[in-house]
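To start, the structure itself, in structure tokens.
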Protein chains: 2
Amino acid sequence: METLAELGYARTSLREIAQKSEFTHGVLHYYFSDKVDLICCCVRHYKAKCVTRYDQITSAAQSRDELMKGFLEKLSETVRDEARMHRLWYDLRSQSLFEEAFRDDVAEIDKSLEDMVWRVASRFASLGGRQPVVSRGALYALFDGLFQRCLLRHLSGDRKAIADLREEVERLLPTVA
Amino acid sequence: METLAELGYARTSLREIAQKSEFTHGVLHYYFSDKVDLICCCVRHYKAKCVTRYDQITSAAQSRDELMKGFLEKLSETVRDEARMHRLWYDLRSQSLFEEAFRDDVAEIDKSLEDMVWRVASRFASLGGRQPVVSRGALYALFDGLFQRCLLRHLSGDRKAIADLREEVERLLPTVA
DNA sequence: ATAGATTTTGGACAATCGTCAAGATATTAT
DNA sequence: ATAATATCTTGACGATTGTCCAAAATCTAT
């Protein structure tokens, strides 16, 4: 996954993966039937690490301010420290537009991420005695779109990318939940 | 571009592009310095075709209903008829997360698309004597996210993908503009 | 300790990749 | 028509790809 996150799907070969691991290239075919199988396993592995990222903040927060602060902080931290791994997610999601074998796993992760965003927004709303005013799908689309854009700007060296994302989220979240 | 749209960046070789064209593989290096250069030119070429898609509808519409109807229709048509070309866009945008050479062009197209969405929403708002209530960036993130999701579902064979997108947009646009 | 199962190695394979260059062909200018 | 330029073809190259396999190494159970 580190190699994939560094090079991207298109430029990653099994030999490169093996070389940056503690194994040789031959052993990969002992555990994975082929390249697609290996990538699929990576996608599945990614999911588990990702979809509970904000859960602790969500359940611990006792006020809208506290939740907002924790969410913004975690969001910033993610872009700052895990940009490479997240660009891999967007890469693989795009690959699923072409490679049928990836679609089910990608769709499942997408759903899990949508649920995660929904949990945050629902909690934020309920802490104000309200309910979210947009659908799950729209909410996810919005935050995913903002995150993706921030990621691209950040990786391009734009120092204001994270600050702008924070500002945007701080303005938007109270209007939708 | 047709070959790229069919196979995706990762699986497309110069020889494959040549084979599906009227030329041989050698001639590509007469016009393009290397593979990255060729893809960059494709990205730039894509832009011109894309960013004025809704302009006629936007300027012709005389009421919110008319604009909504035209926008929904064009949106559906795009997903239905040009899904393959649009998955190429998402593919190349993801590639720009890894390949620095793509970033400037991708960022420029992204900006143009944002402007395009903004023009639609602004017009929709002004036809109701209003102004959009969210930022350009948020608006684009929202619609781009919804479109991307719809595209994935549509390509996976989900017959309800387009209808769901229409429904979502019909509900959202009046609340943001 | 020994036999059997499991895991790992490293090389071989055919196929494909991007790139290049020499020469053939077509176009244009005089 | 002829020369000069532009365009295209073809074959070659070294490198890399995914896959496979026989043999070596390691582990496990008795």
Side-chain angles (χ1 to χ4, degrees), chain A residues 1-48 84-85 87-106, chain B residues 1-48 84-85 87-106:
Chain A
M1 287 198 67
E2 283 172 20
T3 305
L4 270 170
E6 186 180 335
L7 300 176
Y9 176 80
R11 292 164 201 75
T12 302
S13 67
L14 294 182
R15 294 178 129 89
E16 189 85 24
I17 291 175
Q19 201 164 9
K20 300 205 176 190
S21 78
E22 53 180 327
F23 303 103
T24 56
H25 68 270
V27 81
L28 295 183
H29 284 279
Y30 184 74
Y31 291 99
F32 304 98
S33 61
D34 59 10
K35 188 181 182 183
V36 169
D37 181 36
L38 187 150
I39 309 280
C40 272
C41 287
C42 286
V43 176
R44 292 197 195 94
H45 184 73
Y46 169 89
K47 178 193 170 179
R84 292 187 334 151
M85 200 54 80
R87 72 179 174 183
L88 175 60
W89 159 243
Y90 289 115
D91 188 12
L92 292 177
R93 189 169 69 175
S94 294
Q95 291 311 315
S96 79
L97 293 169
F98 298 90
E99 181 69 57
E100 221 182 302
F102 295 157
R103 278 184 195 158
D104 288 346
D105 290 310
V106 164
Chain B
M1 288 198 67
E2 282 171 20
T3 304
L4 271 170
E6 184 179 337
L7 300 176
Y9 177 81
R11 292 165 201 74
T12 302
S13 68
L14 294 181
R15 295 179 129 89
E16 189 84 24
I17 291 175
Q19 202 164 11
K20 300 204 177 191
S21 77
E22 52 180 327
F23 303 103
T24 57
H25 68 270
V27 81
L28 295 183
H29 285 277
Y30 183 74
Y31 292 99
F32 305 98
S33 61
D34 59 10
K35 188 181 181 181
V36 169
D37 181 36
L38 187 150
I39 310 281
C40 272
C41 287
C42 286
V43 175
R44 292 198 196 92
H45 185 72
Y46 169 88
K47 180 191 167 181
R84 293 189 331 151
M85 201 54 80
R87 70 179 174 182
L88 175 60
W89 158 244
Y90 289 115
D91 188 11
L92 293 177
R93 190 169 70 176
S94 294
Q95 292 310 314
S96 79
L97 293 169
F98 298 89
E99 180 69 57
E100 222 182 301
F102 295 157
R103 277 182 197 161
D104 288 345
D105 290 310
V106 163

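Throughout, protein chains are lettered first and strands after them, A, B, ... in sequence-line order, and every chain is numbered starting at 1.
- By the side-chain contact (heavy atoms from CB on, under 4.5 Å) test, B/E2 is found to be paired with no residue, residues two or more places apart in sequence or in another chain being considered.
- The separation between A/H29 atom NE2 and C/dT7 atom P is 17 Å, rounded to whole Å.
- Straight-line distance from the CD atom of A/E22 to the C1' atom of C/dT9: 14 Å, rounded to whole Å.
- If you take CG of A/L14 and P of C/dG10, they are 17 Å apart, rounded to a whole angstrom.
- If you take CD1 of B/I17 and C1' of C/dG18, they are 12 Å apart, rounded to a whole angstrom.
- Between B/Y31 and D/dC8 there is a side-chain polar atom (N or O) within less than 4.0 angstrom of OP1 or OP2.
- The aromatic rings of A/Y9 and A/F102 sit perpendicular, their planes meeting at an angle over 60°, well past the 30° parallel limit.
- At least one side-chain heavy atom of A/R11 sits under 4.5 Å from a side-chain heavy atom of B/E99.
- Of all nucleotides listed (D/dC8, C/dT7, C/dG18), C/dG18 comes nearest to the side chain of B/R15.
- Put simply, CG on A/L28 is 17 Å from P on D/dC21, counting in whole angstrom units.
- To the nearest 0.5 Å, the span separating SG on B/C41 from CG on B/D37 amounts to 4.5 Å.
- Rounding to whole angstrom units, CG of residue A/L38 and P of D/dT17 are separated by 14 Å.
- At a threshold of 4.5 Å between non-hydrogen side-chain atoms, the residues A/I17 and A/L38 count as touching.
- For A/H25, whose side chain is taken as the heavy atoms from C-beta onward, the closest listed nucleotide among C/dG11, C/dT9, D/dT9 is C/dG11.
- Distances shorter than 4.0 Å separate some side-chain N or O of B/S13 from OP1 or OP2 on C/dC17.
- For the OP1/OP2 pair of C/dT7 and a distance below 4.0 Å, the side-chain nitrogens and oxygens of A/Y30 include at least one atom meeting the criterion.
- Side-chain proximity of B/V27 to C/dT19, C/dT9, D/dT9: nearest is D/dT9.
- Rounding to whole angstrom units, CD of residue A/Q19 and P of C/dT9 are separated by 13 Å.
- Rounded to an integer number of Å, the gap from CZ of B/F32 to P of C/dT19 is 13 Å.
- Taking the nucleotide of DNA chain D with the nearest heavy atom to each of A/S33 and A/E16, the more 5' of the two is matched to A/E16.
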